[in-house]
Participant: 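My questions all concern the structure below.
Every chain is numbered from 1, with letters handed out A, B, ... down the list of sequences. Source: prediction; values computed, not measured.
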Amino acid sequence: QSVLTQPPSVSGTPGERVTISCAGGSSNIGQNTASWFQQVPGSAPKLLIYSNSQRPSGVPDRFSGSKSGTSASLAISGLQAEDEAHYYCAVWDNSLNGHVVFGGGTKLTVL
Amino acid sequence: EVQLVQSGAEVKKPGESLTISCKASGYRFNTQWVAWVRQKPGKGLEWMGIIYPGDSDTRYSPSFQGRVNMSVDKSISTVYLQWSSLRPSDTAMYYCARHYGSGSSKFDPWGQGTLVTVSS
């Protein structure tokens, strides 16, 4: 059971916009910034979003992040077949002397 | 180019010891944290802990405290993850990643992963 709750799966058709939610609590998202990672099967995770909404260089602006209260969200617009992957949120949790928690992951299927 | 290169896959028996490595290049190794993340087959990501190469300061996840040891060799820009007695439940892919310190959830880049298989 992950501290951060994500939907197990989402789906969309090419060109569509999808969002993935990440629900946390007062000791994690409520006090710290969230990051998002994309993991294609057989590959290492890749940083997509940090500090809630910042994109590293090279990440398309189709990917955007936001945070409200104790929840964070990842939005993917103009969905492409290559976006099919697992997506994970992560945040620093201030409990237990501080540690990072990951969401359980969301499988995005492009129909 | 910032890069983390991990050691190769390992197959071990229960009770054996193991050390895997993660070699960094392309940035000031001594001044940035390195994290270890576990991914069991078909499962999600689990943060194991972080180490600061400059002074070997370590922070472990409560779930991994006492089960693994993180260390560093600054002379070769390499961090290590060690087990003294492996269990079948340690079978997983292990990733290292540059981490932006206490309070942060930014991991970038990631190593390619080291697959550890523990089986009798």
Participant: Does atom CZ of A/Arg62 have more than 12 heavy-atom neighbours, drawn from other residues, nucleotides or ligands, at distances under 6.0 Å?
Facilitator: yes
Participant: Shared ILVMFWY cluster between B/Tyr100 and B/Trp33, side chains joined below 4.5 angstrom?
Facilitator: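 Looking at the clustering, B/Trp33 is in a separate group from B/Tyr100.
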Participant: Are the side chains of B/Lys106 and A/Leu47 in touch, meaning some heavy atoms are under 4.5 Å apart?
Facilitator: yes
Participant: Which residue out of B/Gly113, B/Ala35, B/Ser105 racks up the most heavy-atom pairs below 4.5 Å with chain A?
Facilitator: B/Ser105
Participant: Please classify the contact of B/Gln39 with chain A as side chain, backbone, both or neither, using a heavy-atom distance under 4.5 Å.
Facilitator: side chain
Participant: Sorted by first residue and then second, give each disulfide bond (SG atoms under 2.5 Å apart) pair with at least one member in residues 13-99 of chain B; sequence neighbours left out.
Facilitator: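 Every pair satisfying disulfide bond (SG atoms under 2.5 Å apart) with a residue in residues 13-99 of chain B: B/Cys22-B/Cys96.
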Participant: Are B/Trp110 and A/Ile49 connected into the same hydrophobic cluster when the rule is that any two of I, L, V, M, F, W, Y join if their side-chain heavy atoms are below 4.5 Å apart?
Facilitator: no
Participant: Does atom CG of A/Asn97 have more than 12 heavy-atom neighbours from other groups under 6.0 Å away?
Facilitator: no
Participant: Which of the residues B/Gly111, B/Ser61, B/Ser104, B/Pro62 is involved in the greatest number of heavy-atom pairs with chain A at under 4.5 angstrom?
Facilitator: B/Ser104
Participant: Using non-hydrogen atoms and a limit below 4.5 Å, what part of residues 67-96 of chain A faces chain B?
Facilitator: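 Heavy-atom contacts from residues 67-96 of chain A to chain B are A/Tyr88, A/Ala90, A/Val91, A/Trp92, A/Leu96.
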Participant: Is B/Ser102 in contact with chain A via its backbone, its side chain, both, or neither, using a 4.5 Å heavy-atom distance?
Facilitator: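 For B/Ser102, heavy atoms of backbone and side chain both lie under 4.5 Å from chain A.
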Participant: Filter on ring-ring contact (aromatic ring centres under 6.0 Å, His included), then keep only pairs touching residues 9-31 of chain B, sequence neighbours left out; what's left?
Facilitator: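 Applying ring-ring contact (aromatic ring centres under 6.0 Å, His included) to every pair that reaches into residues 9-31 of chain B, excluding sequence neighbours, yields nothing.
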Participant: Which region of B/Phe107, side chain (C-beta onward) or backbone (N, CA, C, O), has a non-hydrogen atom less than 4.5 Å from a non-hydrogen atom of chain A, or is it both or neither?
Facilitator: both
Participant: Of all the residues in residues 12-46 of chain A, which have a heavy atom that comes within less than 4.5 Å of a heavy atom in chain B?
Facilitator: A/Asn32, A/Thr33, A/Ala34, A/Ser35, A/Phe37, A/Gln39, A/Ser43, A/Ala44, A/Pro45
Participant: Is B/Val34 reachable from B/Val68 through a run of I, L, V, M, F, W or Y residues, each pair having side-chain heavy atoms under 4.5 Å apart?
Facilitator: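 Linked within one cluster.
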Participant: Could you state whether B/Met93 and B/Met48 fall into the same hydrophobic cluster, counting links through intermediate Ile, Leu, Val, Met, Phe, Trp or Tyr residues with side-chain heavy atoms under 4.5 angstrom apart?
Facilitator: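 Different clusters.
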Participant: Membership question, hydrophobic clusters at under 4.5 Å side-chain separation (ILVMFWY): are B/Leu81 and B/Leu18 in the same one?
Facilitator: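 Yes, one cluster joins them.
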